[in-house]
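Here the structure comes first, spelled out in structure tokens, and everything after it is commentary.
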2 protein chains.
Amino acid sequence: MDNESKIRDLLSVHGLRKTPIRKEMLDVFMNHDFALSASDLVHKMTVGNDRVTVYRALVSFEEHGILHKASEDKNGVKYALSDHNNPHEHHSDQHIHFICDGCHQTYCIEGVVEHQVKVSSDFQVDRVNFTLHGLCKQCLP
Amino acid sequence: MDNESKIRDLLSVHGLRKTPIRKEMLDVFMNHDFALSASDLVHKMTVGNDRVTVYRALVSFEEHGILHKASEDKNGVKYALSDHNNPHEHHSDQHIHFICDGCHQTYCIEGVVEHQVKVSSDFQVDRVNFTLHGLCKQCLP
DNA sequence: AAACCAAACGCAACAATGTTGCGTTTATGT
DNA sequence: ACATAAACGCAACATTGTTGCGTTTGGTTT
């Protein structure tokens, strides 16, 4: 296991147990630069293949801020490591979600979307969620 | 039925049959100012309560541009009337989707979100999808 | 108005995602 | 080494959405 000490630290900090399944889940996340669904994880993991266990670990990781929901549609939720834990996210505290039209992966990428909202006063806008769509490097012609 | 003639016209224009179920589906949409899921429709309708029929009608309506997907999450897809058919959308050709944190309804509202995207050149951004979140008039304190 | 036909319907069956309950195992602190 | 709560694993279930197929029906043609 590659990022073993990083993973052990991460679990320790949050008071979570270092079980084989949870360690491998985080390892899988650290070895991918795109977001993963529960089903993705179950297929990629070598130890333990019970969906329920994975679902419960995902919820726990999200509650502890280790993971966040990167995208969500009728086919389910995809999670990604939060910035400060993600080896692919070095330079920013904030990221944007990009969904590739080619490979359909969800990437957490660096960048900013500057925006100004003008809507009817019948609605109080507290947040704006952006998702970018297009082609990633691998899928560009 | 209130909007009967409007509904008959709409179905005629698109070469769709004026069946009781489809007429009532459109009627339900016209009597709501927020987006509806297949399940919402099944519960609100008085004639025909087969999920499959509703699903297939939704697909057909979307293909004909009568409806569009207003929001989508793990709990399913919500549809809304396209602007030109929607009695609640008088003044604009474009709308924005607003999801209320209180009632969790999805509204198609008038307004604009000006935005500028700055991201790594590893990703070619073709479209930007955004959703506004906050509180609607009914849910404001 | 009778016949025709494709559109629409309705039922059964299925797949996938996600959740809950409950008994068992195991990581971890004492 | 022991105790205990966290984590696991299994069965069962709910919901959304899809597919196949036979039947009904709206709309057209004759």
Check: B:Lys74 main-chain N/O paired with A:Glu72 side-chain donor or acceptor under 3.5 Å = yes
When rounded to whole Å, the NZ to P distance for the pair A:Lys18 and C:dG29 reads 7 Å
From CG of A:Asp50 across to P of C:dT19 the rounded distance in Å is 14 Å
* NA contact type, B:Ser37, heavy-atom cut-off 4.0 Å: base, sugar-phosphate, or nothing? -> nothing
Closest to the 5' end of DNA chain D, once A:Gly15 and A:Arg51 are matched to their nearest nucleotides, is A:Gly15
Out of C:dG18, D:dG9, C:dA27, minimum distance to the side chain of A:Val77 belongs to C:dG18
_Base, sugar-phosphate or nothing for A:Ser60? Non-hydrogen atoms, less than 4.0 Å._
nothing
A:Ile21 atom CD1 is separated from D:dA6 atom P, nearest whole Å, by 17 Å
B:His14 NE2 to D:dG27 P, in whole Å, measures 16 Å
Looking only at D:dT16, D:dG20, C:dG18, the nucleotide nearest the A:Ala38 side chain is C:dG18
Separation of D:dA7 atom P from A:Leu26 atom CG, nearest Å, is 12 Å
(Q) With a 4.0 Å cutoff (strictly under), does any side-chain N or O of B:Lys74 reach OP1 or OP2 of D:dT16? (A) no
Q) Is there a side-chain polar atom (N or O) of A:Arg22 under 4.0 Å from OP1 or OP2 of D:dA7? A) yes
Do the side-chain N or O atoms of B:Thr19 get closer than 4.0 angstrom to the phosphate oxygens (OP1, OP2) of C:dC9? yes
Residue pair B:Leu16/B:Val59 against DNA chain D: nearer the 5' end by closest nucleotide is B:Val59
In whole angstroms, the gap separating P of D:dT15 from NE2 of B:His43 amounts to 8 Å
Practice prompt. Flag the pair B:Leu132 / B:Ile99 as yes when at least one side-chain heavy-atom distance between them is below 4.5 Å, and no otherwise.
Written response: no
Quick check on D:dA7: is either OP1 or OP2 less than 4.0 Å from any side-chain nitrogen or oxygen of A:Thr53?
no
Between A:Ser37 and A:Asp40, is there a side-chain donor-acceptor contact under 3.5 Å, judged purely by atom types and distance? yes
With a 3.5 Å cut-off and heavy atoms only, can you find an N or O donor on one side and an acceptor on the other between the side chain of B:Arg56 and the base of C:dG10?
yes
Separation of C:dC9 atom C1' from B:Lys23 atom NZ, nearest Å, is 15 Å
(message) A quick test of your reading: do over 12 heavy atoms of other residues, nucleotides or ligands sit less than 6.0 Å from CG of A:Asn129?
(response) yes
Q: Kindly indicate whether the side chain of B:Arg17 and the base of D:dT25 share any N or O donor-acceptor pair separated by less than 3.5 Å?
A: yes
Atom OH of B:Tyr55 and atom P of C:dG10 are separated, to the nearest Å, by 16 Å
Step-by-step side-chain contact (heavy atoms from CB on, under 4.5 Å) determination, B:Arg17 to B:Arg22
CA-CA 8 Å; B:Arg17 289 194 187 168; B:Arg22 294 187 170 208; 5.9 Å; no
